Every structure is written in structure tokens, then in C-alpha cells.
Amino acid sequence: MELRSGGGLRSGLEAALRSAVRDGRLAPGTRLPSSRALAQDLGLARNTVADAYGQLVAEGWLTARQGSGTRVAPGARPQTPVSRSVALAFPGLAAGDHLPYDLRPGSPDLSSFPRTAWVAATRQAMAKAPHDAFGYTDPRGREELRQALAEYLSRVRGVRADPDLIMVCTGYVQAIGLLGKALVELGGQRIAVEALGFPDTLTVLRASSLATTPLPVDEYGADIGALAGQPADAVLLTPAHQFPSGVALSPERRTAAVAWAHATGGVVIEDDYDGEFRYDRQPVGALQGLDPANVVYAGTASKSLAPGVRLAWLVVPERLMEPVVRQKRLADRQSPVIDQLTLAELIAGGAYDRHVRRMRLRYRQRRDRLVTALAAGAPDVRVSGIAAGLHAVIELPDGSPSEAELVKRAAGLGLAVTGMEMYGGSGAERPALVVGYGTPPEHSFAGALRALCATLAA
Ligand SMILES: Cc1ncc(COP(=O)(O)O)c(C=O)c1O
């Protein structure tokens, strides 16, 4: 038995025994040596062993009975380590995580996280925060952050945001869950969702007891006209940059979405996940600006900073705010305060804008490199959805291998990529790969592009 040095011999012995029970080396019912014998074997004081046994009895790992000595408790089952197949069932621990090149969509370049600015902002936030900031505070989030977001969203995205109607969430995935449950609380039963989309969204909405109806997507974005034929209490859209097809919702359909909300009393949810990243023309302003009474705006730090920050925000119409706040309280009471204060500082001090500007330039260069590399290395593919965001769609020519085959071939070349099928696109549409050019760190981008071209050219 190996004991940890430092941290106390008794706690080292406790840890070693717990771990032996946990991984099955000590089976339930096994009799342990007497404290005297074990103390002698290990060169410890008898009391040290007796105290460790006593602690583990109190925790339920061991039992001690007069006459039968100290044994491993019958209920202390060894825990099977998480097998690889189970781990692979969780998105984020998916197949491909081990490959050297990664062009899967959904993540910004994590190596560019603004660490220095974040630390400076945390320091400032800590210097300013009143003591009560560290307590149970407003479930909507810290006022400092709601103020900073209201100003930022109005300036950059044209959102009409009252800080009182902002809800800070633990990521968009939580945000959409809160909205789903709030809609159900208000009697909602059905939500229309773009037929191509982020798979977690459907799972979360269904878990909140809403039925989902697919809304077709074409080159003008979601087909809002299709809402006419079906009852829906809400519709979820990605107007600035449809995920994953990359098209912007056409001006006519933006107007139609707002008109539908007016006519039916329905709610439009606008997922603006990468709205800051637009390259070739002026950003399309948020749909929410057209009709703040009926459109919920959802933004996230997952693309502009990193998914691990787990901060997102909703700008909520007044009629939905109360149930959303109630659901947030039920979900986790409030999002972590120190990160909220840091983000508030980062936005108010201008470092967030500077980071977004720097990354916009970098992603634009990457997008251009992707287009140039494909034109030379795989001229038969068609690249689309490239005016904005961090990913592009590569439509495969007739007669090309299936998406699944290409994904497999790419993996053989050390590259993780995703087929359109994964986002609900299959069958009738042309097969395509969805390529997240924002994902790799800068040093591996060129290698990732080479592997992609080799995959498509082979
Ligand atoms: C369409 C879409 N919306 C939102 C998100 C962000 O989710 P979260 O804020 O939970 O990281 C993603 C992440 O991949 C996404 O693809």
C-alpha cells in the first residue's frame, strides 16, 4: 500500500484504503488486519491506524464489530471506471477528441482566450465588489453585468435591452431550458425549431415538455411561411447566421417572423450565438430590435470568449420575465458571481470589444485561407455560409463518398470533422461537411487545412 507523503499519514492511509475499496482491490466483506498489525507493517503509530479505521467506519466504507474485526462494508461496491464506450456517449467527449487536427464546428480557438485581460478584469472586479456580491444575489445576475450587457448589446447588435429584463444564464443550453419551462408554465405546448440545428436544443426543449415541430430551412433561412400551417406557441431561430447552414434570414422573413408573433401572440426566440462575427458587410442587427415585446434575444460567451466560461444572456419580453426568473431560481438560483463581475469589467473596460475585434480579423483570415485552400485542393466542392460566424458548409459534388465515409477518411488523416447529417440534415439535401475553421489553435490550422484537402481530394 502506498501512502501519500505530506498531508498527514492518517489521511494518506484513509485515502489509500478508500481507493482500494473503490477500485475493487478490497472486496466487500474483506477482513482488514488489526490496527496493531497494520501499524507494525506500515511503521505507523497504532493510533494513526485506529483513527483512520474509525474515520472510514464513520463514512460507511468499513464496519467494525466486536468479535469480527474491521471489514470492508458490504455496501461499498467497487466503482467500475467509466468505460470508453460510455465516455463516447457524451457530446464533448466525442470520438475525434484524440485527433491532432480539429475542424468540428461549435468552438472558437481556445488558445486565444484573453487570459491576461481576464485576470486583470478579475482583479478589478475583486477590488470593487461589495461584500454582499458574494452572497445569494438577484437570480437575474449581477447588476454590473446586466448594465454592461444592455449597453453592449444595444451598441453592437441593435438589441433594445433594459437591464431589468436581462437574465444571465449558465450557458445558452440553460437559457433555452429556462425558456422552455417558462413557456410551459404559461400554457405553451409546441415550439417550431429550424429543421437544421444544434442537437442539444431539441433535447433540452423536449425535456421541458414542449413538443417540437421542424421548420424547413432554405437559402433564405427558416421558412417562416410554414408556420402558417401549424399551431406553435414559439419559434426558435438563428437569424444572423443559421446554424449550421450559415445563411442569414432574409429581410422578408425577418418581417414575417415578427408579424407571425403579432398575429398569434407567439414568442420568437433569437439565438444570436455568433452574431459578432460578420466579415463582408455590416452585421445584420438583432431581430429583437424590431419587436422587443415578442422576441427573446439569446447571446452567449461561448463563441466570443470560450464555452468553458458558461455565461450566456437572455433579453426577455416583460410578459415572460417572471416565469423565467422563477425557473432560474429553481435551476441553480444564480450564475457564478465572480465570473459575472469579471465579464462585466471586461465589457465595460473595452477589453471584450478589443478581443472580439482581434478574433474577427483572425477568423476572417482563416476563412479566406480555407476558401483558397479548397479552390486549389478540392475544386469540385462548393463552400457556403461563409459571410459570418466560425464555420462553413462544404457541399460535396455528385458521386462523392458519403459524409460518414469522409468523416472516417479524415479521421485516418488525423482530422476531426462533422457531416451535416449530425445537425438533422440528411436524405434529400446534398451531402456536406460542416467545418469549424475557428476551432484549431493557430499553430495547427495549416495542418488541419492540408488534412481537409487531402480528405476531399482522395
Ligand atoms: C446554435 C448554437 N447556439 C448556441 C450555442 C452555445 O451554447 P452554450 O452557450 O450553452 O455554450 C451553440 C454552441 O455550440 C450553438 O451551436
Side-chain angles (χ1 to χ4, degrees), residues 90-94 96-97 102-110 113 141 145 149 153 157 166-180 191-205 207-208 212 214-215 217 221-222 235-249 268-278 286-288 296-315 328 331-332 335-336 339-340 343 363 385 388-393 416-420 422-425 434-439:
F90 291 102
L93 297 175
D97 277 359
D102 192 352
L103 285 175
R104 289 172 296 176
S107 176
D109 171 1
L110 303 178
F113 185 80
L145 179 56
L149 282 169
L153 294 173
R157 303 292 301 124
I166 290 183
M167 168 58 74
V168 176
C169 300
T170 310
Y172 167 80
V173 169
Q174 179 183 62
I176 195 70
L178 301 181
L179 283 171
I191 181 166
V193 180
E194 291 169 337
L196 292 175
F198 180 38
D200 287 4
T201 304
L202 281 187
T203 316
V204 172
L205 287 170
S208 66
T212 58
L215 201 58
V217 173
V235 58
L236 173 59
L237 303 171
T238 46
H241 189 227
Q242 204 281 326
F243 187 85
S245 75
V247 299
L249 191 65
V268 177
I269 302 171
E270 172 175 31
D271 176 7
D272 195 39
Y273 62 103
D274 65 3
E276 280 117 336
F277 298 108
R278 181 149 200 109
L287 187 60
Q288 189 269 1
V296 183
Y297 175 88
T300 175
S302 289
K303 306 291 182 274
S304 54
L305 289 171
V309 173
R310 299 316 300 143
L311 282 175
W313 38 89
L314 293 174
V315 183
K328 174 67 179 171
D332 61 356
S335 293
D339 294 339
Q340 291 188 54
L343 181 58
Y363 293 137
L390 311 182
H391 70 270
V393 174
V417 280
T418 313
M420 180 63 100
M422 160 111 182
Y423 305 101
V434 184
V435 167
Y437 54 83
T439 306

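All values reported here derive from a predicted model rather than from experimental measurement. Remember, it's 1-based here, ligands and their atoms both numbered in the order they're listed.
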Please find the pair of heavy atoms, one from Ala195 and one from Val217, that lie closest to each other, and give the distance. N-CG2, 4.0 Å
Pairs satisfying side-chain hydrogen bond (donor to acceptor under 3.5 Å, both in side chains), at least one member in residues 301-312, at least two apart: Thr300-Ser302, Ser304-Tyr352
Sorted by chain and residue number, the side chain to side chain donor-acceptor pair (under 3.5 Å) partners of Asp339 (sequence neighbours excluded) come out as none
Output all residues satisfying side chain to side chain donor-acceptor pair (under 3.5 Å) with Tyr297, sequence neighbours left out; order by chain, then residue number. Asp272
Would you indicate whether the side-chain heavy atoms of Pro105 and Tyr437 approach each other to under 4.5 Å? no
Taking every heavy atom of Lys328 against every heavy atom of Thr170, the minimum-distance pair comes out as NZ-OG1, 3.4 Å
Set of residues that line ligand 1, where lining means a heavy atom lies under 4.0 Å from it: Gly106, Gly171, Tyr172, Val173, Phe198, Phe243, Asp271, Tyr273, Thr300, Ser302, Lys303, Arg310
